[in-house]
Novice: 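Structure in structure tokens, see below.
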Amino acid sequence: MLDVRDVVTAYGKIEALKGVTLSVAEGRITCLLGPNGAGKTTLMYSIAGILKPRRGRIALKDREITGRAPDQVVQAGVALVPENRLVFPQMSVRENLTAGAYLRRDRAGIAADMERMFQRFPRLKEREGQLAGTLSGGEQQMLSVARALMSRPRLLLMDEPSLGLAPLVVEEIFRIVTELNRDGTTIFLVEQNAHMALKVAHHFYLMEQGRVSFSGTPGEVEEAEVIQRAYLGSRRAD
Amino acid sequence: MEPHLVGVLTNIGMIAFVALSAYLLLLVGEISFGQQAFFGIGAYAAGIGTAVLDLPLGLALAIGAIAAAIGQLALALPTFRLRGLYFAMASLAFAEMMRIVLELTQFQVERDGELVGPNGAEGFRGIRYIFERGIEPAEFLLLVAALLAATLALLAVLERSRFGRRLRMVGEDELLAALSGIDVFRTKLAMAAAAGALAGLGGGLYAHASTYIEPRLFDVMLGVHSLAYGLIGGLGTALGPLLGVGLDIGLLESTQMFAGYRMIVFGGLVAVLLIWRPRGLLDERLLHRLARIGRR
Amino acid sequence: MAHDLAQNTVDGLMTGSAYAMLALGFTLIFGVMRRLNLSYGPSIMIGAYLGTLVHLQFGMGAAVVALVTVLGAVAAGFYVERLCFAPMRGQAATASMVASFAIWMQLEELATLLLPRHSYPFPALIARPPFEIAGILIRADRLLTLGAAIAAMLALWLLVHRSRFGLALRATARDRATARHLGIDVDRIGLIAFLGASALGGLAGMLVIAADQQITPMFGMWATFKGLVAMMLGGLGSIPGAVIGGLLLGVVEAHGQWFFGPQLRDLLVYALLFLCLVLRAGIGAGVPSAERRI
């Protein structure tokens, strides 16, 4: 579904991605592990068109999207749930969802999808008219996912969806990730919580210092010593 | 109507245009210290239009607005990728350059045995269109009010449109807006053109109301005031900047309330107001609440 | 010609050292708060007005006037911080800036209430004629400004890079949230940085005003402007940058004034500032391989 080949992205002279190659299989959940500063968010931004890679190639189903503007990438069927910056705070929950469907013109379809989101996230229905900035952290994360889904993406990118959330909320997020995937959405997930990720993802990559240093199935992850030590030996405090 | 009141209201109306232009840029997340430049460009261009080139007022005002819009785009193209303070300072540098250029500009022609047109730092005298045509101050006020009402109506329509939604998204979070499929840069350029045109229109009106303009009028004080009006009145609606101008010029400056220590009272009130409501009186939260009450 | 260039450069460096101090104060506040204090210059102006008042009412000499000026600037800075910066946290950076502008208006009016004439005499620190070194005229009070600036920069550099407080300051400037997690009282750090900046600005303003030997309410705007421009020329947010920006501004102004006169001098300065700002954007936007930030 998504093919990333030798992508180099730099901030000025500093290369945050030093030639990243990986692929995300259609219909699967792929998870990207790695320490802070490894370049995971930079990769997400490079795919979504926020950052322009210096070299390399990014293709979605054989269609090249390298260096496209973010709106064109959304049009091509990719949606990103970014880390931290989750919702438009001064807009209501409903307005946030409408914003997610900005590029779509099919009013009936948008209305139907909105109802589907409210079924999937009943708590958002309760808060429909409330300003998004007043929601709890978990609710904002749900809204952020729902907003991204409103563009009807074929590929959903999620940057650390469990960051800073309570364990119960994290479980709910991962339940939703599994459901979405079962309904046909391909998911590419950045996660530090390897324990949770192991329960849902089909394939893993490990990124360190701007490079992919490991690729394998959940079984291979549990075998790999490098990941054992860093991610599974003790649960990370954050 | 009493002449003093007519003058005050006309003043509020004209300054509201430049306050609105700063507000439009704030909506897309840009803080400008330089809107006075486009007010000035509009004033000079429209003034030259009627006083030097003998054009009708409407055409001169349109030329002023267009010239200011072009000026604002010329500033926006190289600077809109700058963030926060960088853009604010670039707009200030641009406006100061503009002011000095006006101080150096000589473009005078003889009309009825008298020199008219921009005369450098000495200013630009003899923009007498409304006096020569016998237009009463009250009539001119009507023109200002009609233009302002039309602008506010247009903005109200815009707020409810698809483009309005786009603006709000860009203003709240550029990154998230881009991720939702919006071309952020083009949205901001469109807004810049609109902001420039509004400031220019206000400037054109101002030149004709006062018959005399000089570069010094368009200094940074006007620019920072324009910015402040939006924050005082509220960023939730286009009525916010108008309310801000009304409070300052209408209530305090014109009524001689607190004469002698007006700024001490007003400055303190503004600071306290901003602690209480960082986005002004008519902020998004208040409007959201009003809208919900209205729906019930 | 060579002599003119040399004389202008020396004059420029001396004036520029005062700009550098003003820029340092701005940088300190902006670095820690990520907010612009437009009332920076007017706070200094209020200090100078209190100094003048002491001079006129009680006939105090230059040393007391200088002290009152600096303390007055710190007091005004305290007032601005408490009213415009401390109560506004989070996303309200624009509100802080506009509030500080409102307080600017307030301070300007306060100054004219204290002393209503347009300008007042301010006692000189050193009243002796300029002397000559290698054919270059040097004013003793300007030399004092340069010396004070160098001392202030060194002290500030040592404070920031060699002290425990400096560590907390740098941590706060880099990442407020993390600094808070480390147990740093970021609000207190902010207040201290603010007051330190006001003292530095008060010192710079006092030296400039004592050299001019007069004070007007316009000084507030002048100081805010020069400090801001110097800080931006130097690249926002670093101590060496502020110093270089200040000196550059002084030298460019001195040459501009000499060769082109005051109007073109200002035009030159603003064009330079504009270019500096835009080129920095160009590095991100123009080069195809570079980062593109929305």
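Below, chain A is the first sequence line, B the second, and so on; all start at residue 1.
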Novice: Give the minimum heavy-atom separation between C:L277 and B:A90, together with the two atoms involved.
Specialist: CD1-N, 3.3 Å
Novice: So which of B:G268, B:G267, B:A228 has the largest heavy-atom pair count under 4.5 angstrom toward chain C?
Specialist: B:G267
Novice: Quick check: do C:W104 and B:V224 have side-chain heavy atoms less than 4.5 Å from each other?
Specialist: no
Novice: Report, by ascending residue number, the residues of residues 253-274 of chain C in heavy-atom contact with chain B at a distance under 4.5 Å; give 'none' if the set is empty.
Specialist: C:Q263, C:L264, C:D266, C:L267, C:Y270, C:A271, C:L273, C:F274
Novice: Heavy-atom distances under 4.5 Å only: say whether C:M232 touches chain B with side chain, backbone, both or neither.
Specialist: side chain
Novice: Who wins among C:L107, C:T112, C:L83, C:L275 for the most heavy-atom pairs under 4.5 Å with chain B?
Specialist: C:L83
Novice: Taking B:I100, B:I264, B:L26 one by one, which has the highest count of heavy-atom pairs under 4.5 Å against chain C?
Specialist: B:I264
Novice: Side chain, backbone, both or neither: which part of B:L274 has a heavy atom under 4.5 Å from chain C?
Specialist: both
Novice: Between B:I31 and chain C, with a heavy-atom cut-off of 4.5 Å, which part of the residue counts as in contact: side chain, backbone, both or neither?
Specialist: side chain
Novice: Around C:R174, counting heavy atoms of other residues, nucleotides and ligands shown, do more than 12 lie under 6.0 Å from its CZ?
Specialist: no
Novice: So B:V270 and C:Q106, do their side chains get closer than 4.5 Å, heavy atoms only?
Specialist: no
Novice: Heavy atoms under 4.5 Å from chain C: which residues of residues 238-246 of chain B carry them?
Specialist: none
Novice: Ignoring hydrogens, what is the shortest heavy-atom contact between C:A99 and B:A271? Give both atom names and the distance.
Specialist: CB-CA, 4.1 Å
Novice: Are any non-hydrogen side-chain atoms of C:M97 and B:F33 less than 4.5 angstrom apart?
Specialist: yes
Novice: Working to the nearest 0.5 Å, report the span between CE of C:M105 and CG of B:D248.
Specialist: 10.0 Å
Novice: Taking side chain as everything from C-beta outward and backbone as N, CA, C, O, which of these in B:L85 sits under 4.5 Å from a heavy atom of chain C? Side chain, backbone, both or neither.
Specialist: both
Novice: Any side-chain heavy atom of B:L235 within less than 4.5 Å of one from C:T94?
Specialist: no
Novice: When only pairs under 4.5 Å are counted, which of B:F94, B:F80, B:Y86 shares the most heavy-atom pairs with chain C?
Specialist: B:Y86
Novice: Pick whichever of B:R279, B:R277, B:H225 has the most heavy-atom pairs under 4.5 Å with chain C.
Specialist: B:H225
Novice: In the structure I gave you, are the side-chain heavy atoms of B:V220 and C:F225 within less than 4.5 Å of one another anywhere?
Specialist: yes
Novice: With a cut-off of 6.0 Å (strictly less than), are more than 12 heavy atoms of other residues, nucleotides or ligands near CZ of C:R188?
Specialist: no
